[in-house]
Amino acid sequence: MSADFWAGYISGAIGILVGNPLDILKVRLQAKDAIGAQNASSYLRQFEGTSSLISGTAAPVLGYGALNALLFVSYNRSESAINNALNTQSNLWTTWVAGAIGGLATWVVSTPTELIKCRAQLSSPPASSWSIAKSVLRNEGIRGLYLGGVVTALRDSIGYGFYFWSYELSTQMMMSSKKRETSFSEDAAKVLLCGGLAGVATWASIFPLDVIKTRVQAQVLSSETRPLMDTRPNQAKRLGAVAVAKEAYREGGSRVFFRGLTICSVRAFFVNAIQWAVYEWVMYELGEGKSRVVDPDAQKMV
């Protein structure tokens with residue numbers, strides 16, 4: 001396997017473990033009627049037991065590790081192919097396009113992973129990722145795992161375009177004005193900051209799509225008896241993304257599409273700071289790290 005595969009896999013798995021508690025809050029805030037009175041005590045009650053801190057982590061640790069590996073491999077290969085086809089060096093435009101292609105490539109893994117994760121995090125009493133996966137497969141087959149696939153693909157493509165774009169932009173802005181090579185150890189603090197900023201920018205750009213995705217995937221058919229925190233009765237037929245968006249707007253106006261954004265932004269900063277630091281470190285250890293050189297005349301990374 002290539003270095004960027006393993007760097008992506010390891011950084012993705014570590015990011016899930018670090019960010020899961022805040023991700024639980026984000027998902028429960030996004031889902032309809034997930035948390036009633038939104039105050040400090042209601043937030044703390046989400047973590048009354050140790051098991052709640054790791055709810056839904058099994059699927060993401062396995063799935064998101066693979067997703068992150070696929071993402072970085074697809075991004076790096078796409079950027080290289082685009083630059084070769086256009087006979088140009090990397091720039092912010094090709095970075096965004098390559099990131100969007102990489103994000104689109106991940107939907108095969110991200111859709112079932114997100115569906116299982118969301119339902120595990122919304123389950124009451126807590127249910128394991130494995131039991132949820134078996135229930136979906138038993139009732140609906142493989143197709144059931146891809147509920148919300150279109151909106152997930154759209155979210156991932158747009159989001160990861162901005163993810164790599166904002167990381168490269170912030171990296172270029174923070175580089176030394178002198179043209180010289182820098183090592184990972186010298187740039188560690190900058191990598192952490194740039195990675196965190198990239199995470200916040202990404203989620204800010206696609207949060208309404210993520211709210212819609214969560215609500216689509218949280219819908220439970222009448223044949224599925226396992227209770228979710230969503231208090232609506234089980235449905236005979238699920239709503240599509242457009243219908244879910246209209247229902248959400250009727251419920252709380254435009255504000256509903258940004259419910260949980262603050263918590264998500266805090267989580268995104270720390271998780272992506274760590275993910276990028278781990279990714280760059282693993283690449284460096286495997287002999288594939290970038291020596292970052294800034295040409296102040298061209299104002300681009302070469």
Side-chain angles (χ1 to χ4, degrees), residues 2-27 47 52-76 95 99 102-103 106 109-110 113-114 117 121 155-156 159-175 182-207 210 260-286 288-290 292:
S2 60
D4 51 358
F5 176 90
W6 288 114
Y9 194 100
I10 294 170
S11 62
I14 290 175
I16 284 293
L17 292 174
V18 171
N20 193 67
L22 288 178
D23 190 57
I24 293 173
L25 285 182
K26 189 257 303 179
V27 169
F47 307 107
S52 64
L53 294 172
I54 58 173
S55 294
T57 56
V61 165
L62 296 174
Y64 196 73
L67 181 152
N68 221 44
L70 178 61
L71 171 66
F72 276 94
V73 170
S74 300
Y75 163 73
N76 288 327
T95 293
T106 65
V109 177
S110 66
T113 299
E114 285 284 316
K117 174 181 72 71
Q121 291 175 342
R155 181 202 70 162
D156 288 351
Y160 283 121
F162 282 108
Y163 185 57
F164 289 101
W165 176 86
S166 56
Y167 181 74
E168 293 299 341
L169 175 62
S170 57
T171 298
Q172 291 180 25
M173 292 175 66
M174 294 187 64
M175 294 296 290
T182 58
S183 66
F184 172 78
S185 59
E186 292 178 301
D187 285 340
K190 294 178 182 178
V191 169
L192 286 167
L193 180 57
C194 293
L197 293 174
V200 174
T202 299
W203 281 105
S205 70
I206 49 88
F207 200 78
D210 191 61
L261 178 57
T262 300
I263 288 173
C264 183
S265 296
V266 173
R267 171 190 175 275
F269 184 89
F270 288 104
V271 169
N272 287 282
I274 292 171
Q275 279 191 181
W276 271 108
V278 172
Y279 175 83
E280 297 277 21
W281 175 75
V282 173
M283 290 289 283
Y284 178 80
E285 290 296 318
L286 295 177
E288 297 292 336
K290 289 187 198 176
R292 296 183 179 275

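Note that the structure is predicted; figures quoted are calculated from it, not measured. Only this structure's heavy atoms are used, side chains among them; waters, hydrogens and symmetry mates stay out.
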Please report the shortest heavy-atom distance between [X] and [Y], naming the atom on each side.
X	Y	answer
Ala198	Thr202	O-OG1, 2.7 Å
Gly103	Asp156	O-CB, 3.4 Å
Tyr279	Asn76	OH-ND2, 3.3 Å
Asn272	Gly199	ND2-CA, 3.4 Å
Lys190	Met174	NZ-O, 3.2 Å
Phe269	Leu193	CZ-CD1, 4.0 Å

(message) Once side-chain hydrogen bond (donor to acceptor under 3.5 Å, both in side chains) is applied, do any residues pair with Ser166, and if so which ones, sequence neighbours excluded?
(response) none
Interatomic spacing from [atom1] in [X] to [atom2] in [Y] - rounded to 0.5 Å:
X	Y	atom1	atom2	result
Tyr9	Leu70	OH	CG	12.5 Å
Thr95	Gln172	OG1	CD	7.5 Å
Ser170	Leu197	OG	CG	5.5 Å

(request) Check step by step if side chain to side chain contact (heavy atoms under 4.5 Å, CB included) holds for Ile206 and Trp203. (result) CA-CA 5 Å; Ile206 49 88; Trp203 281 105; 3.6 Å; yes
(request) Examine Phe164 together with Tyr75 and report whether their ring centres are nearer than 6.0 Å. (result) yes
(request) Can you spot which of Ile10, Asn68, Ile14 makes a side chain to side chain contact (heavy atoms under 4.5 Å, CB included) with Gln275? (result) Asn68
(message) I'd like to know whether Tyr167 forms a side chain to side chain contact (heavy atoms under 4.5 Å, CB included) with Val191, so could you lay out the CA-CA distance, the side-chain angles of the two residues, the decisive distance to 0.1 Å, and finally the verdict.
(response) CA-CA 9 Å; Tyr167 181 74; Val191 169; 3.7 Å; yes
(request) Anything under 30° is parallel, anything over 60° is perpendicular, the rest tilted; go ahead and classify Trp276 against Tyr163. (result) tilted
